[in-house]
Colleague: 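I'd like to ask some things about the structure below.
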2 protein chains.
Amino acid sequence: MNPKFYSLPIEKQTAILNAGFHVFSQNTYKKSPMSEIAEAAGISKALLFHYFHNKKELYLFLWDTCCKITVEEMTRSGAYKQTDLFGSMDYGMQAKLRLMRKYPDIGVFAVRAFYEKDPEVSADIQKSMGQYLEIHAAKKLQNLDPEDFIPGIDLQMMYKEMYWASEGCLWEYIQRGCMNVDAMEKDFRKLLDFWKKVYLRKSREETRDDGKDI
Amino acid sequence: MNPKFYSLPIEKQTAILNAGFHVFSQNTYKKSPMSEIAEAAGISKALLFHYFHNKKELYLFLWDTCCKITVEEMTRSGAYKQTDLFGSMDYGMQAKLRLMRKYPDIGVFAVRAFYEKDPEVSADIQKSMGQYLEIHAAKKLQNLDPEDFIPGIDLQMMYKEMYWASEGCLWEYIQRGCMNVDAMEKDFRKLLDFWKKVYLRKSREETRDDGKDI
DNA sequence: GATGAAGTTGACCGATACGGTTAGCGGAGG
DNA sequence: CCTCCGCTAACCGTATCGGTCAACTTCATC
């Protein structure tokens with residue numbers, strides 16, 4: 001990959017990145033033409049080939065930057081430092097939203113690349129995964145105090161359920177095509193509030209008096 | 001579309017359907033070649049063109065059968081007749097699982113087709129949507145008795161959250177590529193049990209004694 | 001304003017893949 | 001033996017692909 005890419009104005013750099021993310025997120029690796037990427041980025045195909053020797057190199061570069069960017073944003077958000085569960089979820093969510101605002105298709109690109117089966121790239125993708133995978137660990141659960149939550153609740157299940165719900169919400173926006181990040185943030189925040197009210201013991205105590213009949 | 005398609009042995013019919021669902025779910029309409037569909041169905045391209053005059057006809061046929069099949073399965077499941085929320089969710093889930101067992105890619109195909117932008121087919125897709133859209137209505141919420149649930153809970157939010165969680169769970173399987181429907185059913189059932197325990201008032205009453213301290 | 005380096009592109013190349021057609025194979029039924 | 005019918009290999013004209021290259025623009029330097 002040509003280092004001159006980095007001396008491009010940043011808007012053009014992200015334009016190229018986003019064009020790549022977009023095209024590769026819509027189709028298989030083999031069915032994603034370089035010409036389409038160039039057009040989406042607003043440059044000529046020849047220039048795209050000037051920055052990246054071939055399609056494979058561009059693809060793997062996109063994958064690498066995708067991973068790097070995500071990890072950076074997540075660690076920088078402080079989501080991993082926070083000990084409070086909902087707090088760290090909030091920070092993590094904000095980091096994700098910031099990412100999607102700058103790179104609308106990075107999420108879909110990531111999952112497609114991860115499950116890409118084309119032998120020309122799949123091996124390299126899987127090989128580079130080792131470094132990034134353990135970060136997402138769900139060890140969050142280990143240092144949770146059950147006393148904070150409503151009695152008898154399965155904390156692992158609760159966490160899984162919250163993860164799925166936020167993923168489901170996210171996919172609803174993704175599928176729609178146009179990424180309205182502001183509306184997404186509102187929805188996520190409503191989810192967080194809902195969970196706090198339902199799962200946390202303290203907030204339950206406050207409203208418990210209403211329901212002591214029967 | 002050639003009516004002789006229907007006189008094929010049913011396994012071959014579903015093989016062709018699934019091949020179409022699969023290929024069209026992986027790529028854009030334009031980037032999904034008929035040859036690939038034929039190969040996935042285990043027949044020659046020429047024969048595929050014998051049953052469907054051209055690509056567009058096959059695509060719209062797939063879309064129509066997709067809608068028809070789904071509506072049939074959902075109404076037949078009794079999910080719409082049930083008045084109990086979790087019961088109807090259970091039935092609906094079972095119907096969905098039955099569908100995905102028979103047509104593993106029908107879900108992804110449906111969303112991709114719905115948001116397909118290719119002018120050759122998008123208009124026809126959108127036109128035929130009118131008939132099917134109102135069925136999915138969330139009027140379930142109207143005849144829910146708040147007394148059944150824990151006090152102070154936002155029922156609409158609860159329903160949305162449950163919907164998102166099941167979608168998120170489903171997408172996790174879908175993205176992985178291989179569709180392990182049995183594992184999916186287990187996960188869904190665990191979700192349902194979890195929700196019942198957390199949201200329903202009755203089940204909360206039973207476990208409340210454990211947590212009356214402070 | 002001449003010069004040269006750097007940035008950028010339209011046009012091109014060989015190969016392949018596409019949607020769709022057709023001639024013909026093989027088997028069953030008369 | 002003929003004929004119908006399910007089915008396919010091979011084919012056709014065209015479009016598209018990854019990748020290259022010569023030439024054009026831009027712009028700083030002298």
Side-chain angles (χ1 to χ4, degrees), chain A residues 1-17 19-20 22-63 113 116-122 124, chain B residues 1-17 19-20 22-63 113 116-122 124:
Chain A
M1 169 265 184
N2 193 332
K4 279 172 190 168
F5 173 78
Y6 287 120
S7 47
L8 278 167
I10 311 161
E11 325 115 34
K12 196 147 255 180
Q13 281 187 46
T14 58
I16 294 176
L17 287 179
H22 181 69
V23 174
F24 281 124
S25 72
Q26 296 282 344
N27 296 96
T28 321
Y29 168 76
K30 214 203 326 189
K31 300 269 177 64
S32 298
M34 291 289 270
S35 55
E36 221 165 280
I37 298 175
E39 192 189 13
I43 62 175
S44 71
K45 189 176 62 158
L47 187 56
L48 189 59
F49 271 104
H50 178 240
Y51 290 125
F52 304 93
H53 297 149
N54 52 41
K55 190 170 157 180
K56 180 179 175 180
E57 192 184 273
L58 169 60
Y59 189 73
L60 294 177
F61 173 79
L62 285 174
W63 168 253
E116 174 67 57
K117 284 173 196 113
D118 194 304
E120 197 177 339
V121 292
S122 66
D124 300 74
Chain B
M1 168 266 185
N2 193 331
K4 278 172 192 168
F5 172 78
Y6 287 120
S7 46
L8 277 168
I10 311 160
E11 327 115 33
K12 196 146 254 179
Q13 281 187 46
T14 57
I16 293 176
L17 287 179
H22 181 71
V23 174
F24 281 124
S25 72
Q26 296 282 345
N27 297 95
T28 320
Y29 168 76
K30 213 204 324 189
K31 300 267 177 66
S32 298
M34 291 290 269
S35 53
E36 219 166 281
I37 298 174
E39 191 190 12
I43 62 175
S44 70
K45 189 177 64 160
L47 186 56
L48 189 60
F49 271 104
H50 179 239
Y51 291 125
F52 304 94
H53 296 150
N54 51 42
K55 191 170 156 180
K56 179 178 176 180
E57 191 185 273
L58 169 60
Y59 189 73
L60 294 176
F61 173 79
L62 284 174
W63 168 253
E116 174 66 57
K117 283 171 195 115
D118 195 304
E120 195 176 342
V121 291
S122 65
D124 301 73

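Values in this document were obtained by computation on a predicted structure and should not be read as measured data. All chains are named by letter (A, B, ...) in the order of the sequence lines, taking the proteins before the strands, and each is independently numbered beginning at 1.
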Colleague: When rounded to the nearest 0.5 angstrom, what distance separates CZ in A/F49 from CG in A/L58?
Modeller: 9.0 Å
Colleague: Crowded around B/E39 CD? As in, over 12 foreign heavy atoms under 6.0 Å?
Modeller: no
Colleague: For B/F52, what residues pass the ring pair (Phe, Tyr, Trp, His ring centres under 6.0 Å) criterion, not counting sequence neighbours?
Modeller: B/F5, B/F61
Colleague: Could you give the CD-to-P distance, from B/E120 to C/dC18, as a whole number of Å?
Modeller: 16 Å
Colleague: Give the minimum heavy-atom separation between A/Y29 and A/E116, together with the two atoms involved.
Modeller: N-OE1, 3.1 Å
Colleague: Just the rounded figure in Å: distance from P of D/dT16 to CG of B/N27.
Modeller: 16 Å
Colleague: Rounded to the Å, how far apart are B/F5 CZ and D/dG6 C1'?
Modeller: 15 Å
Colleague: Sequence neighbours excluded, which residues qualify as salt bridge (Lys or Arg N to Asp or Glu O under 4.0 Å) partners of B/K31?
Modeller: A/E36
Colleague: May I have the distance from B/E36 (atom CD) to C/dC18 (atom P), rounded to whole angstrom?
Modeller: 7 Å
Colleague: Quick one: A/I37 CD1 to D/dG19 C1', roughly how many Å, whole number?
Modeller: 14 Å
Colleague: Can you name the residues that form a side-chain hydrogen bond (donor to acceptor under 3.5 Å, both in side chains) with B/T28, not counting sequence neighbours?
Modeller: A/N27
Colleague: Are OP1 or OP2 of D/dT16 and a side-chain N or O of A/S35 less than 4.0 angstrom apart?
Modeller: no
Colleague: Please report the distance, rounded to the nearest Å, between CZ in A/F49 and P in D/dC17.
Modeller: 11 Å
Colleague: What does nucleotides 4-12 of chain C look like as a protein-contact string, B for base, S for sugar-phosphate only, - for none, at under 4.0 angstrom between heavy atoms?
Modeller: ---SSBB--
Colleague: Among residues 52-60 of chain A, which contact DNA chain D at a heavy-atom distance under 4.0 Å?
Modeller: A/N54, A/K55
Colleague: Of all the heavy-atom pairs spanning A/A19 and A/I37, show the shortest one and how long it is.
Modeller: CB-O, 3.4 Å
Colleague: Can you sort out the partners of B/H53 under side-chain hydrogen bond (donor to acceptor under 3.5 Å, both in side chains), two or more places apart, ordered by chain and number?
Modeller: B/E57
